[in-house]
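Structure, as structure tokens:
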Amino acid sequence: MPEVEVLVRHLEPLLRNKRIRKVVVNRERVLRPTRVKELTEKLAGARFIKVERRAKFLKFSLRRAGERQEFTLVGHLGMTGRMYLLPVKATLPKHAAVVLDLDRERFVFEDTRYFGRLTLDTTGLEGLGPEPLGEEFTPKQFGAALKRSGQPIKVKLLDQRLVAGVGNIYASEALFRAGISPRRAASRLSTPQVLRLWKSIREVLTEAIQFGSTVALNYGGTRARDRLFYYGSAPESKNSYEERLRVYDREGKPCVTCRSGIRKMVQAARSTFFCPKCQGR
DNA sequence: CACCATGTTCCTTG
DNA sequence: CCAAGGAACATGGT
């Protein structure tokens, strides 16, 4: 979610009012279930009105010339998606799934694994829980929702109906900061724990957004290191990633608080990282 | 070669 | 109907 937020802030002023001249779809899979013909007919000639974020989705509002009604293009980065503008003369990346030609540049949706999406289908936005940084996400609502589930809290945090935007990295990070075991049943968190976790989620996400906003990203960069949020540090700030994430991907390394070895386990087929001492049951 | 990966969706089982 | 677990999706890094 922090990556999407930073990306949306980056793209908004770059796309606003730009007109789409041509649509090229190299991987129809990412449009699912929209088809190439429909996307092309709808987008060609349309103009970007605004770009927003909802959970981990990007919402592009567009309007066609002469039409009053706006429509929405929905994007999702999946695991490996990236979106950025390139000069028309630049070489397109190997996994350019969709390319939108604007007047003087190109908007590229690149995705090596093609798990991401760029689609006219907006049903993915339905059923999402509250924004973790929004006002509807309250300790009261959060606690009530947790009460109804016996699942491990780490697994529950990934449920986008509970709160929309917490991913695998920040689920581990938030639990570490709150000092709560990822194995704990959601329904068994105490009231103080619920409050601590609620706060930790907001802190972890807010700090990540701030961090991402302060680093000059090379969005269209070719190298892995140009990807801030998973592969780590941006070129200019070498060690920032390691300092930023306290448990994620730090198996065997000393806990920043107590020096115990960080442990890794699998829950619901996803890796969880935690400190066995600081997050002792 | 084997295993792992930032996410979501679908299928099966209970 | 619901919850939970696992596979699938597809490619590349280690």
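Every chain is numbered from 1 and lettered A, B, ... according to where its sequence line falls, protein lines coming before strand lines. Both backbone and side-chain heavy atoms feed into the values below; hydrogens, waters and symmetry mates do not.
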Short side-chain N/O contact to [N] OP1/OP2 from [X], under 4.0 Å:
{"X": "H76(A)", "N": "dT8(B)", "value": "yes"}
{"X": "R270(A)", "N": "dT6(B)", "value": "yes"}
{"X": "H95(A)", "N": "dG12(C)", "value": "yes"}
{"X": "K56(A)", "N": "dG7(B)", "value": "yes"}
{"X": "Y114(A)", "N": "dC9(C)", "value": "no"}
{"X": "K264(A)", "N": "dA5(B)", "value": "yes"}

Checking contacts here: which listed nucleotide ([options]) is nearest the side-chain heavy atoms of [X]?
{"X": "Q151(A)", "options": "dA4(C), dA5(B), dT6(B)", "value": "dA4(C)"}
{"X": "S149(A)", "options": "dA4(C), dG12(C), dG7(B)", "value": "dA4(C)"}
{"X": "Q160(A)", "options": "dG5(C), dT6(B), dT8(B)", "value": "dT8(B)"}

[atom1] spacing across the pair [N] / [M], given as an integer number of angstrom:
{"N": "dA7(C)", "M": "dC3(B)", "atom1": "P", "result": "13 Å"}
{"N": "dA10(C)", "M": "dC11(B)", "atom1": "P", "result": "15 Å"}
{"N": "dG13(C)", "M": "dT8(B)", "atom1": "C1'", "result": "22 Å"}
{"N": "dT6(B)", "M": "dA4(C)", "atom1": "C1'", "result": "23 Å"}

Looking at dA10(C) and F115(A): do their rings stack (centroid distance under 5.5 Å, interplanar angle under 30°)?
no
Are [X] and [Y] within salt-bridge range, i.e. N to O under 4.0 Å?
{"X": "E12(A)", "Y": "K50(A)", "value": "no"}
{"X": "E67(A)", "Y": "R63(A)", "value": "no"}
{"X": "R177(A)", "Y": "E207(A)", "value": "yes"}

Whole Å only: how far is the [atom1] atom of [X] from the [atom2] atom of [N]?
{"X": "N26(A)", "N": "dT11(C)", "atom1": "CG", "atom2": "P", "value": "13 Å"}
{"X": "R161(A)", "N": "dT9(B)", "atom1": "CZ", "atom2": "P", "value": "11 Å"}
{"X": "D111(A)", "N": "dC9(C)", "atom1": "CG", "atom2": "P", "value": "16 Å"}
{"X": "R250(A)", "N": "dA5(B)", "atom1": "CZ", "atom2": "P", "value": "17 Å"}
{"X": "L245(A)", "N": "dT6(B)", "atom1": "CG", "atom2": "P", "value": "12 Å"}
{"X": "L31(A)", "N": "dC9(C)", "atom1": "CG", "atom2": "C1'", "value": "16 Å"}
{"X": "R32(A)", "N": "dC9(C)", "atom1": "CZ", "atom2": "C1'", "value": "8 Å"}
{"X": "R82(A)", "N": "dT11(C)", "atom1": "CZ", "atom2": "P", "value": "17 Å"}

Is it the case that the ring center of F137(A) lies less than 6.0 angstrom away from the ring center of F142(A)?
yes
Which one is paired to dG12(C), where only Watson-Crick or G-U wobble pairs with both distances under 3.5 angstrom count?
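Answer to the pairing question: dC4(B), which forms a Watson-Crick or G-U pair with dG12(C).
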Going by atom types alone, do T123(A) and D121(A) pair a side-chain donor with an acceptor below 3.5 Å?
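A pair is found: one side chain offers a donor N or O, the other an acceptor, under 3.5 Å apart.
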Under 3.5 Å, is there an N or O donor on one side and an acceptor on the other linking the side chain of R29(A) and the base of dA10(C)?
no
State whether F176(A) and R246(A) meet the cation-pi test: NZ (Lys) or CZ (Arg) under 6.0 Å from the six-membered ring centroid, and within 45° of the perpendicular axis.
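Not flagged: R246(A) not positioned over aromatic ring of F176(A).
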